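Everything numeric here is computed off the predicted structure, so don't read it as measured data. So you know, we letter chains A, B, ... as the sequences are listed, proteins then strands, and number each from 1.
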Amino acid sequence: MKDVKAKMRENLKEITVSALKKAIDEGAVNLAGIPDFTIEVPQAEAHGDFAANVAMLAAREAKMPPRKIAEIIKDRMEIAGTGIEKVEVAGPGFINFHLSPTWAHGVIPIILSEKENYGRQDIGKGKKVQVEFVSANPTGPMHMGNARGAALGDALASVLEMAGYDVTREFYINDAGNQIENFGLSLEARYLELLGYESQIPEGGYHGEDIKDHMRELIEKEGDRFLSVDPAERRAYFIEYALKKNIERMKKDLADFGVHFDVWFSERSLHESGKVEEVIRILTERGYTYEKDGALWFKATEFGVPKDEVLVRQNGMPTYFAADIAYHKDKFDRGFDWVIDIWGADHHGHVPRMKGALAALGYDPEKLTIIIMQLVRLYRNGQIARMSKRTGRAVTLADLVDEVGKDAARFFFNLRGADTHLDFDLDLAVKQSEENPVYYVQYAHARIASILRQAAEQKVAVPEVEDVPPAEMERLLSKLTCEAEIDLIKKLADFPDVIRVAASTLSPYRIANYTLELASAFHSFYNVCRVLTSDKDLTTARLLLVKAVQQVLQNCFRILGISAPERM
RNA sequence: GCGCCCGUAGCUCAGCAGGAUAGAGCAACGGACUUCUAAUCCGUAGGUCAGAGGUUCGAUUCCUCUCGGGCGCGCCA
């Protein structure tokens, strides 16, 4: 893994450690060991390119003021031939490293040869991880919350892939249970109603227009023949019919949103294969259940949950929770080393009991990470638009793609962390689409594409990295010395770090933020430095630079699921 | 009542998993296109990081409490 920044950090750490060791050996500083310090990038440019905080951490044990320790370390540093131009002690005791301005230039050939793999990490070490997200109710169209989950989950999965995990994207279809019963009753009511019979949608049923559409379509195809069919039987048929349509629709809407799942997992299959029953039996055998009021309960309180939970209802039907336990057991039985669920904030209360159930089954609850995503509050015409499926007037994911566009919507959702409460003003999103930040980053890509087109027209070649000897490459890139160029190159060198942090904190929004920063550095560069000039070497160097920028932008866009336009 | 999330510029949010003088975008104001796309750039202004304690050499970041907002606490999913 080639990472100029990480390598530099390592070098600086080694230099600092050996200087400190020397100081200890000489008795200049009294320490038993080397503190676990970091080499970080200071905020202010005046503080150099990197800084070590070791002196502050050592101060207490050494019983010396940090600045003095820093001076002692600094005096013993061997910096000849390291690219370090100056070492300074500053502030409370930082050791600041000022490097030669070209220290990061080597990142350009690395990007151009690694291409879409630039930034890839190996922290996952090929571990099998499953990301389960969206898992929307198949009883109707997907809403804004599902859209957020889709954008977040897909980007997270991509980030983990970049970090070296073997990722499976999975959608859990809740095609069983009470809601499906209600779905059937609602379909049936609409069916009867459409044929002129009096009928009522039940309590907790679905009032959406889509329910009516399903039945209208069915009547066109099959007429009124279900009037004489046994109600339970015809409801089963309606459910089968409408579920299939809904799931196909969800697949299509998600595909239009740029999200593709590896596995669509049916809840019903867990019931049919006996896995729900099996998991209940195991819990019982392990002594974690008891009967009360005609129901079977899970002793959740033994795992720090406020109250016990029902597994099997009085009527003999297993609860959603029971199926969910079976589902999670199945996930681990399929060999995943790590399971990540993305749930809406309205489900956060179920986290402890799910983990408790896993512990009861003998699995390590630490291997399940549940990301709680705060809900989306949707504004339209200046007021809150309800998202409930039952009102039938929700803004759907498909509407969002139509009105705002896939790229803008996905970028917008991934601009914020999962735990921010998100107000989405649809009118504003549409109205401001011209000023949407997504255009800012895409424009950077399009501008570069335009430069490369111009270069091709002028028969200016951009050399392939493989064809340029390292010494020649170094000579060419040494032409890149103005501030905008240096800043841009450093930004490129940040990318592996960004992947690392985004993956280890499960925060794909960091990619979106970084993309904005990179685009900003590019736009600034563009306004100051002309790429196609009469200076041949400078032109070549800048072409290599912008090509590298374009590559990194593409790598970001791929993670975020947005397109990389050649023209805008 | 109990639990989880949030509170940073007028608005929407960052703040690199404790670091130095808290940053962007939008909105406001002033500049920059005979030159690779002005969907851009440069500058000005804007702050009691909700409040109070604590841990630390150092807190926007970690802990406790208070206030304010959101969401949960079903034999629904």
Next on the checklist: Any donor-acceptor pair, under 3.5 Å, between the side chain of A:H347 and the base of B:G72, if you only look at N and O atoms?
Outcome noted: no
Item to check | Pairing of A:K74 and A:E88 as salt bridge, 4.0 angstrom limit | outcome: no
Checklist entry - Touch check for A:N53, heavy atoms < 4.0 angstrom, all strands: base, sugar-phosphate only, or nothing? => result base
Checklist entry - Between A:E61 and A:A32, is there a donor-acceptor pair closer than 3.5 Å when you use the side chain of the first and the backbone of the second? => result yes
Next on the checklist: At 4.0 Å (heavy atoms only), tell me whether A:R60 reaches a base, stays on the sugar-phosphate, or touches nothing.
Outcome noted: sugar-phosphate
Next on the checklist: Please classify the nucleic acid contact of A:A455 as base, sugar-phosphate, or nothing, using heavy-atom distances under 4.0 Å.
Outcome noted: nothing
Next on the checklist: When you measure from the centre of the six-membered ring of A:Y290, is the NZ or CZ of A:K299 closer than 6.0 Å and no more than 45° off the axis?
Outcome noted: no
Checklist entry - To the nearest angstrom, how far is A:H523 atom NE2 from B:A39 atom C1'? => result 8 Å
Next on the checklist: Looking at A:R9 and A:D497, is there a salt bridge between them, counting it only when a charged N and a carboxylate O are closer than 4.0 Å?
Outcome noted: yes
Checklist entry - How is A:N96 classified with respect to the nucleic acid when contacts are heavy atoms under 4.0 Å: base, sugar-phosphate, or nothing? => result base
Checklist entry - Within the modelled atom types, does a donor on one side and an acceptor on the other bring the side chain of A:H421 and the base of B:C5 under 3.5 Å apart? => result yes
Next on the checklist: Does A:R353 reach a base, just sugar-phosphate, or nothing at all? Heavy atoms under 4.0 Å.
Outcome noted: base
Next on the checklist: Applying a 4.0 Å non-hydrogen cut-off, can you work out what A:A323 is touching in the nucleic acid: base, sugar-phosphate, or nothing?
Outcome noted: nothing
Checklist entry - Base, sugar-phosphate, or nothing for A:A44, non-hydrogen atoms under 4.0 angstrom? => result nothing
Checklist entry - With a non-hydrogen cut-off below 4.0 angstrom, is A:L57 in contact with a base, only sugar-phosphate, or nothing? => result base
Next on the checklist: Using a heavy-atom cut-off of 4.0 Å across all strands, would you classify A:E40 as base, sugar-phosphate, or nothing?
Outcome noted: base
Item to check | Face-on cation placement of A:R416 at A:F412 ring, 6.0 Å and 45° thresholds | outcome: yes
Next on the checklist: Heavy atoms only, 4.0 Å cut-off, all strands: where does A:P42 land among base, sugar-phosphate and nothing?
Outcome noted: base
Checklist entry - So what does A:V546 touch, heavy atoms closer than 4.0 Å: a base, only the sugar-phosphate, or nothing? => result nothing
Checklist entry - Base, sugar-phosphate, or nothing: which does A:G417 touch, judged by heavy atoms less than 4.0 Å apart? => result sugar-phosphate
Checklist entry - What does A:Q43 touch in the nucleic acid at a heavy-atom separation under 4.0 angstrom: a base, only the sugar-phosphate, or nothing? => result base
Next on the checklist: I need the CZ-C1' distance between A:R67 and B:A20, as an integer number of Å.
Outcome noted: 11 Å
Next on the checklist: Work out how far the P atom of B:U60 is from that of B:G53, and round it to whole angstrom.
Outcome noted: 13 Å
Next on the checklist: Without decimals, in angstroms, what is the distance between A:I451 CD1 and B:U35 C1'?
Outcome noted: 13 Å
Checklist entry - When you measure from every atom of RNA chain B, which of residues 501-514 of chain A have a heavy atom less than 4.0 Å away? => result A:V501, A:S504, A:T505, A:Y509, A:R510, A:N513
Checklist entry - Counting any heavy atom closer than 4.0 Å, what does A:D293 reach on the DNA or RNA strands: base, sugar-phosphate only, or nothing? => result base
Item to check | N-O pairing of A:K292 and A:D308 below 4.0 Å | outcome: no
